[in-house]
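All remarks here apply to the structure that follows.
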Amino acid sequence: MIPIAFDNSYVRLPQRFYAAVAPTTVSAPRLIRLNAPLASELGLDLDWLKDPEGVAMLSGNGVPAGAAPIATAYAGHQFGGFSPQLGDGRAILLGELVDRHGRRQDLQLKGAGPTPFSRRGDGRAALGPVLREYIVSEAMAALGVPTTRALAAVLTGEAVRRETLLPGAVLTRVASSHIRIGTFQFFAARGDAEALRLLADHVIARHYPACTGDGRYLALLEAVIAAQAALVAQWMTIGFIHGVMNTDNMSVAGETIDYGPCAFMDTYHPTTVFSAIDEHGRYAFGNQPPIARWNLARFAEALLPLLADDQDEAVSIAQHALSQFDPQFQAGLTAGFRRKLGLATEEAEDVELIKALLETMQRGEADFTLVFRRLSEAAGQADSAAACRSLFANPAEFDAWEGRWRQRLSREPASAKARQDAMLRANPLFIPRNHLVEAAIQAAVERDDFTPFETLLGVLAKPFEAQPGREDHARPPAAHERVMATFCGT
Ligand code: AMP
Ligand code: MG
């Protein structure tokens, strides 16, 4: 195999951080999708990746020179309950490489066979969840949201047993790291202060090099809080629902990670939940900010031994850091919605204006994405919000809100044209709508037809551009197309 310039820093940590484990081979790997622009960013040879040797790596059938395959150890709170031992049960980290921009990136196979952390699982992934993660993570990247990426998807030629037999697949995932809040919890739960310190120093060197000196662990805590606040604020401005915000699914690098039963909201409502396993709506759309704060409190708890020798002092340092989450999240959210509404300047009443629109949308059962897109289209002219108005079941209420918005816009210095251009860059026309994702998965799984998957990926690569002939990909689902539940499929 041709060597990839791996530089594996995680395996240089002590052995209790991971288990060395090779992927399990599969019988008939078939490459179904390769992300060419991402491969080139990573400095990987596209032709090699498509060749049998490359496909062998992407399916787990061959480990390239320089790789050091491991499954990492982590713990986590799942739906509020603590599991001291989770770990990569169906994911194997091949190694790290430094990309063209000098950024260190993990190359991980998801669905590559059992590891010592698999518990009762088979270590495998079904095609459906692999395609969902591919579509949604790449859509998030195109929308400008920090996220893990999808480099490739490969069919294994083997079936996996879920409720039925399904085609098995492997996703190659790229992330700036796979270190989770749960990774810290793993060592905290064992009282392993030495490992905590090593892990914290590793994360600082890798993600937050500005954290230096004696106060570096508090600086790390603050940096992770800021990154998560900014991330979740972005989710809330595009209608993204993660679905399983367990602490083992929250990256300390502030990237969206572990796409399971995730979905984008169509009709705006804060209680929207799709995940079939989220019976009580713990991870509903509107709960995401408080859940992120709750997860960060678990992160702060894990870091306590590093914050101060005295326990009470450590707690008060942690609490002060955590108190910054709400204002930082609010600032990120308000800035995001100001951009969406074409407001380049700041007025105190903007928060109220944003809130009023969301409440009007909720009462009017309006489509979240299209409302902002049509407002953008209407922003160039004085009185052309009819297309937006028609999205609301309560058009008179929308009219009143629109009047307030127009008044507010009259105090903006930008020209109508400049404002419209900025809004069209802030408000996507195309999001991975649930019914389209499901249709793409269904065609692939049931008919081995990857055309809808490819078409969808192509559309979502340019979410802010009108694409003639693709109008159907922008519209909300009709009543009979609506997807009520999503599954993690593990
Ligand atoms: P997740 O649903 O990604 O948050 O996974 C929760 C835990 O279950 C992690 O430790 C996973 O590695 C593990 N897991 C999920 N699916 C499987 C599977 N098919 N085989 C083995 N472990 C799994
Ligand atoms: Mg997970």
Side-chain angles (χ1 to χ4, degrees), residues 17-19 21-24 26 60 69-93 106 108-134 136-137 147-148 150 156 158-175 177-187 189 241-253 255-263 274-279 282-283 288 291-292 295 298-299 485-490:
F17 281 65
Y18 57 84
V21 54
T24 305
V26 299
I70 58 171
T72 70
Y74 53 82
H77 276 88
Q78 300 182 301
F79 290 91
F82 186 62
S83 294
Q85 168 115 15
L86 293 169
D88 293 325
R90 58 166 160 175
I92 292 178
L93 178 61
D106 275 1
Q108 192 203 56
L109 302 181
K110 199 167 169 183
T115 77
F117 304 110
S118 295
R119 290 166 293 158
R120 285 174 304 282
D122 60 2
R124 289 296 178 190
L127 178 60
V130 164
L131 297 184
R132 177 177 287 275
E133 174 152 356
Y134 200 118
V136 183
S137 65
T147 177
T148 64
T156 61
E158 295 171 4
V160 296
R161 181 172 291 283
R162 294 296 179 259
E163 257 122 68
T164 56
L165 283 181
L166 296 167
V170 176
L171 178 80
T172 303
R173 180 159 77 175
V174 175
S177 85
H178 285 82
I179 303 167
R180 304 134 192 282
I181 289 178
T183 316
F184 282 83
Q185 291 181 289
F186 180 85
F187 296 110
I241 307 171
H242 182 284
V244 208
M245 287 176 71
N246 293 334
T247 58
D248 54 303
N249 291 337
M250 307 312 290
S251 155
V252 294
E255 291 176 343
T256 313
I257 194 172
D258 275 12
Y259 292 84
C262 58
F274 289 102
S275 169
I277 55 171
D278 191 2
E279 288 165 42
R282 178 179 171 91
Y283 300 136
Q288 297 186 121
I291 285 290
N295 289 340
R298 307 289 78 76
F299 180 54
T486 52
F487 300 86
C488 47
T490 55

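Each ligand, and each atom within it, is numbered from 1 in the order the structure gives.
- Shown in contact with Gly87 at under 4.0 Å from a heavy atom are these atoms of ligand 1, numbered in order with element: 9 (C), 10 (O), 11 (C), 12 (O).
- For residue Asp248, no N/O/S atom approaches the Mg ion (ligand 2) to within less than 2.8 Å.
- With ligand atoms numbered from 1 in the order given, ligand 1 contributes 3 (O) to contacts under 4.0 Å with heavy atoms of Asp258.
- Heavy-atom separations between Gly123 and ligand 1 include at least one value shorter than 4.0 Å.
- Every atom of ligand 1 with a heavy atom of Arg162 under 4.0 Å away is listed here by number and element: 19 (N).
- The shortest N/O to N/O separation between Asp88 and ligand 1 does not fall below 3.5 Å.
- Heavy-atom contacts of Asn249 reach the following atoms of ligand 1: 4 (O) (cutoff under 4.0 Å).
- Put simply, Asn249 gets within reach of the Mg ion (ligand 2), with an N, O or S atom under 2.8 Å from it.
- In this structure a side-chain-to-backbone donor-acceptor pair under 3.5 Å is missing from Thr148 to Ala175.
- At distances below 3.5 Å, at least one donor-acceptor pair connects side-chain atoms of Asp278 with backbone N or O atoms of Arg282.
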Candidate pair Phe79 and Ile277, rule side chain to side chain contact (heavy atoms under 4.5 Å, CB included), full reasoning: CA-CA 10 Å; Phe79 290 91; Ile277 55 171; 4.0 Å; yes
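- At least one heavy atom of Arg119 lies less than 4.0 angstrom from ligand 1.
- Heavy-atom minimum distance, Pro261 versus Ser275: CG-OG, 3.4 Å.
- For an aromatic pair to be called close, the ring centres must be under 6.0 Å apart, and Tyr134 with Tyr259 fails this.
- Looking at Arg124 against ligand 1, only its backbone comes within 4.0 Å, counting heavy atoms.
- Between Leu86 and ligand 1, a contact under 3.5 Å exists for no N or O pair.
- With respect to the Mg ion (ligand 2), Asp258 has OD2 as its nearest N, O or S atom.
- When non-hydrogen atoms are compared, ligand 1 lies under 4.0 Å from the backbone of Asp122 as well as from its side chain.
- With respect to Asp258, the side-chain hydrogen bond (donor to acceptor under 3.5 Å, both in side chains) criterion is satisfied by exactly one of His242, His178, Arg173: Arg173.
- In terms of polar-atom proximity, Gln78 is not counted as a contact of ligand 1, lacking any N or O under 3.5 Å from an N or O of the ligand.
- Remark: ligand 1 atoms within the under-4.0 Å shell around heavy atoms of Ser118 are 21 (C), 22 (N).
- Residue contacts with ligand 1 for Tyr74 involve side-chain atoms from C-beta outward but no N, CA, C or O (heavy atoms, distance under 4.0 Å).
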Starting from the C-alpha separation in whole Å, work towards a yes-or-no answer on side chain to side chain contact (heavy atoms under 4.5 Å, CB included) for Phe82 and Gln185. CA-CA 9 Å; Phe82 186 62; Gln185 291 181 289; 3.8 Å; yes
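- The minimum heavy-atom distance between Leu171 and Ala150, with the atom names listed, is CD1-CB, 4.0 Å.
- Minimum interatomic distance between Phe186 and Gln85 (heavy atoms only, all atoms of both residues): CE1-OE1, 4.0 Å.
- The closest approach between any non-hydrogen atom of Asp248 and ligand 1 is below 4.0 Å.
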Criterion side chain to side chain contact (heavy atoms under 4.5 Å, CB included) on Phe17 and Thr72, from CA distance to verdict: CA-CA 6 Å; Phe17 281 65; Thr72 70; over 6 Å; no
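- Applying the side chain to side chain contact (heavy atoms under 4.5 Å, CB included) test to Ala126 and every residue at least two apart in sequence or in another chain returns Pro129, Val160, Leu166.
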